[in-house]
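This report concerns only the one structure given below.
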Amino acid sequence: MAKRNITKRSENYSQWYLDIIREAQLAENAPVRGCMVIRPNGFAIWEKMQRTLDDMFKATGHVNAYFPLFIPKSYLSKEAQHVEGFAKECAIITHYRLKNAEDGNGVMVDPTAKLEEELIVRPTSETMIWSVYKNWIQSYRDLPILINQWANVVRWEMRTRLFLRTAEFLWQEGHTAHRTYEEAEEETLRMLNVYRTFAEDYMAMPVFTGRKTEGEKFAGAEHTYTIEAMMQDRKALQAGTSHNLGQNFAKAFDVKFQDSDGDVKYVWATSWGLSTRMIGALIMTHSDDRGLVLPPKLASQQVVIVPIWRSDDEKAMVLNYAERIEHEIRESGITVHLDDRDGYTPGWKFNEWEVRGIPVRLEIGPRDVQGKNAMVARRDMEGKAAKQIVPRDAIQAQVNQILKDMQNNLFEKARAFRDQHTYDLKTYGDMKELLEGEGGFARVWWNGTPEDEEKLKEIKASVRCILPNPAGEKGACILTGKETDQRVIISKAY
RNA sequence: CGAGGCGUAGCGUAGCCCGGCUCAACGCGCCUGCUUUGGGAGCAGGAGAUCGCAGGUUCGAAUCCUGCCGCCUCGACCA
């Protein structure tokens, strides 16, 4: 008699998403509007993401640093496009002191403690960082600068959803400075590729990579690259972005260097970021109606052992057997937890760990001790197919094998789903029918202007990215019929 | 920020239309004890709610009125 606390995806996808987050105890809404509390289960996923990405950043030559949360208002206005992009969602600090309220109830803002210049809580750090880089860069010998920072940022969103869009979120932002345009472009693409590798190899989430259109690019960038994933409701989610900032910020903050040829030049810049939104992407890519599904490489606990007993004698015997298996599995580098809590039935524990998305579960009872084996269940399958009895001697190897299989299986399943719902379309009518009906990705030729993009709003869709086209193929624009070499993904998006 | 819906114990709800015999009921969860334990166990007892907040109408408000806050769905904006 399974208790149904999770809405079916087919009934209400948004509610399902929220139910998963609640039941798996990933996060909850905070007392502050638009903000979330990331609970230990959710934060464990972020920590795993952080560690993986951080290693990848280090491997590509980057170092970590930290810049302030507060940005003087005047900094933000130095790059015109940039201000325009963020002005509507900034939190502003105007005062620095409270005092006891005059009516004796609580505290009030002390009007005499007004800041001369207001501070903006960073929505992103380009302006702060470039005001600092100005002091660090004089010569071409000071370049490149390859810095990443792990931080929180604030964007005062009107409508928020846990992980996908919150007023405050956690992310990493890389900010690099280069001698040439080519070097900056190479860096931008390198980091896009790091994101793609992370998404596909660790999150088991297939992505399309490509360039953003003028309308969708980052405020202040020359151009933006993105990784776009398809969620199970067939909507697109922008999962990471990498920007070639050109010389826009160097010019705005007057950051120049003297090159080896003696000429003084503006520095070339990039920035790239990936946020806790990825946790939302992870949930919406793999999870099912029973709960969270975590790919093994991002599960903080990869294996859980549920012991089964009746009498105290059985308990001692089963735990002894289970502990030896636990140690053996741990020795092979897998994270494993033995759930020996009293007061919960095995069936209850099965469901509990399933909802939390633990990839592999071992069920060990008297029968297994007797028969020298264990029941092994994997989270990416259902019913009998998910379970198998494994001989004692083969457990360690089998668990390792299943984790590998599962990582692959989840990726292949997600890729098959995405490909199945990605259509090469020729007419606007077909695209409209797709996007207003079952949904999915329309892969189409597009020679769009920003005005053409506006038109897509009538079908609530947007150009997600311009796909790479190394062979220089051409086709007729789905809207205007003009010949173009730009192929794009159009879809509804988060 | 626009339209709609909702706010009663940790969670999900009933009661609201027709104010009073309901300072509030039920299921899940929680605590204690006993029996249980291979897919969310059973019985018995128990704790837990100033009915989102602030005003108002009334002899009397969870119930009627006003304002505010929050959440959800859909739009506009965005990672």
Side-chain angles (χ1 to χ4, degrees), chain A residues 1-7 12-15 17-19 22-23 25 28-35 84-90 123-124 153-173 195 212 215-219 224 226-229 236-243 271-281 290-291 306-312 314-315 318 341-355 361-371 374-375 377 382-384 386-387 389 454 457-458 460 462 493-494:
Chain A
M1 273 221 247
K3 209 177 58 193
R4 192 49 68 190
N5 286 329
I6 299 173
T7 307
N12 184 340
Y13 193 81
S14 301
Q15 191 57 51
Y17 176 74
L18 292 167
D19 289 347
R22 186 189 65 247
E23 292 299 312
Q25 298 178 9
E28 59 193 39
N29 280 304
V32 182
R33 177 198 152 80
C35 294
E84 208 188 310
F86 288 106
K88 283 173 289 182
E89 48 189 38
C90 284
T124 179
V153 287
V154 168
R155 296 182 188 175
W156 214 259
E157 298 290 347
M158 297 180 193
R159 225 180 118 193
T160 60
R161 298 187 77 186
L162 290 171
F163 291 120
L164 298 177
R165 185 172 301 106
T166 46
E168 179 192 15
F169 58 93
L170 306 182
W171 76 346
Q172 58 68 215
E173 46 180 326
Y195 287 161
K212 282 292 189 188
E216 297 274 333
K217 74 176 186 184
F218 175 74
T224 288
T226 177
I227 57 173
E228 297 281 331
L237 185 102
Q238 176 177 313
T241 47
S242 183
H243 319 289
S271 70
W272 26 276
L274 186 150
S275 75
T276 38
R277 176 177 242 204
M278 273 306 209
I279 298 173
R290 290 180 294 152
V306 178
I308 300 153
W309 65 77
R310 286 185 198 78
S311 64
D312 282 353
E314 276 184 357
K315 179 178 176 179
V318 167
R341 285 177 294 174
D342 264 318
Y344 291 95
T345 63
W348 190 91
K349 291 178 183 176
F350 295 168
N351 283 286
E352 172 76 1
W353 293 112
E354 222 159 64
V355 167
R361 178 179 71 243
L362 265 54
E363 307 170 10
I364 295 175
R367 293 210 297 266
D368 301 288
V369 180
Q370 212 64 44
M375 183 70 89
E382 280 190 58
K384 282 187 179 162
K387 285 195 180 192
I389 292 167
E454 280 296 306
K457 286 187 176 169
E458 78 179 27
K460 294 169 194 163
S462 53
Y494 278 97

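Hydrogens, waters and symmetry mates play no part in the numbers below; they use all other heavy atoms, side chains included. Fair warning: this is a prediction, and the values are worked out from it, not measured in the lab. So that the names make sense, note that chain A is the first sequence line, chain B the second, and so on, each numbered from 1.
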(message) For the C1' atoms, the ones on B:C72 and on B:C31, what distance do you get once it is rounded to whole angstrom?
(response) 33 Å
(request) Would you indicate which nucleotide in B:C78, B:G40, B:G38 comes nearest to any side-chain atom of A:R165? (result) B:C78
(message) Can you say whether a donor on the side chain of A:R361 sits under 3.5 Å from an acceptor on the base of B:G39, or the other way round?
(response) yes
(message) Looking only at the side chain of A:K88 (C-beta and beyond, no hydrogens), which of the listed nucleotides B:C77, B:G40, B:U37 gets closest?
(response) B:C77
(message) So A:R361 and A:E354, do their side chains get closer than 4.5 Å, heavy atoms only?
(response) yes
(request) In whole angstrom, give me the gap between the P atoms of B:A41 and B:G29. (result) 8 Å
(request) Could you measure between the two P atoms, the one in B:G27 and the one in B:G45, and give it in whole Å? (result) 13 Å
(message) Roughly how many Å apart are B:G67 and B:C59, using the C1' atom of each and rounding to a whole number?
(response) 26 Å
(request) Find which nucleotide of RNA chain B each of A:A374 and A:R22 is nearest to by heavy atoms, and output the residue with the more 5' nucleotide. (result) A:R22
(request) Using a 4.0 Å heavy-atom cut-off across all strands, classify A:S14 as base, sugar-phosphate, or nothing. (result) sugar-phosphate
(request) State which of B:U37, B:A79, B:G40 makes the closest approach to the side chain of A:F169. (result) B:A79
(message) Is it the case that the base of B:G38 and the side chain of A:K387 share a donor-acceptor contact (distance under 3.5 Å, atom types as modelled)?
(response) no
(request) Could you measure between the two P atoms, the one in B:A49 and the one in B:U8, and give it in whole Å? (result) 15 Å
(message) Students often get this wrong, so: under 4.0 angstrom with heavy atoms, is A:G343 touching a base, only sugar-phosphate, or nothing?
(response) nothing
(message) Treating A:E157 as the side-chain partner and A:A167 as the backbone partner, does any N or O pair qualify as donor plus acceptor under 3.5 Å?
(response) no
(message) Students often get this wrong, so: under 4.0 angstrom with heavy atoms, is A:T241 touching a base, only sugar-phosphate, or nothing?
(response) nothing
(message) Can you identify which nucleotide, out of B:G39, B:U73, B:G38, has its nearest atom closest to the A:R367 side chain?
(response) B:G38
(request) Tell me whether the OP1 or OP2 atom of B:G40 has a side-chain N or O from A:T345 closer than 4.0 Å. (result) no
(request) Provide the distance between the two C1' atoms, one in B:A14 and one in B:C28, to the nearest whole Å. (result) 15 Å
(request) State whether A:K460 places a side-chain N or O below 4.0 Å from either non-bridging phosphate oxygen (OP1 or OP2) of B:G75. (result) yes
(message) Between B:G4 and B:A47, how many Å separate the two C1' atoms, rounded to a whole number?
(response) 39 Å
(request) Would you please confirm or rule out a distance under 4.0 Å between OP1 or OP2 of B:C77 and any side-chain N or O of A:K457? (result) yes
(request) Return the orientation label for the A:Y195 and A:W272 ring planes: parallel under 30°, perpendicular over 60°, tilted otherwise. (result) perpendicular
(message) Which nucleotide wins on minimum distance to the side chain of A:L18, given the candidates B:G38, B:U73, B:A79?
(response) B:U73
(message) Taking B:C17 as the reference, what is the distance to B:U63 when you measure between their P atoms (whole Å, please)?
(response) 9 Å
(message) By nearest atom, which of the nucleotides B:G39, B:U37, B:G40 is closest to the A:W309 side chain?
(response) B:U37
(message) Looking at the base of B:G70, is there any donor atom on it, or on the side chain of A:N29, that sits under 3.5 Å from an acceptor on the other one?
(response) no
(message) With nearest nucleotide decided by heavy atoms, which residue, A:E23 or A:A493, maps closer to the 5′ end of RNA chain B?
(response) A:E23
(message) Within the 4.0 Å heavy-atom criterion, would you say A:L274 contacts the bases, only the backbone, or no part of the nucleic acid?
(response) nothing
(message) Strictly by Watson-Crick or wobble contacts shorter than 3.5 Å, is anything paired with B:C23, and which nucleotide is it?
(response) none
(request) Flag the pair A:Y494 / A:R277 as yes when at least one side-chain heavy-atom distance between them is below 4.5 Å, and no otherwise. (result) yes
(request) Please determine, for the side chain of A:E354, which listed nucleotide (B:G39, B:A41, B:A76) has the closest atom? (result) B:G39
(request) Tell me which nucleotide among B:U37, B:G39, B:U73 gets nearest to the side chain of A:R161. (result) B:U73
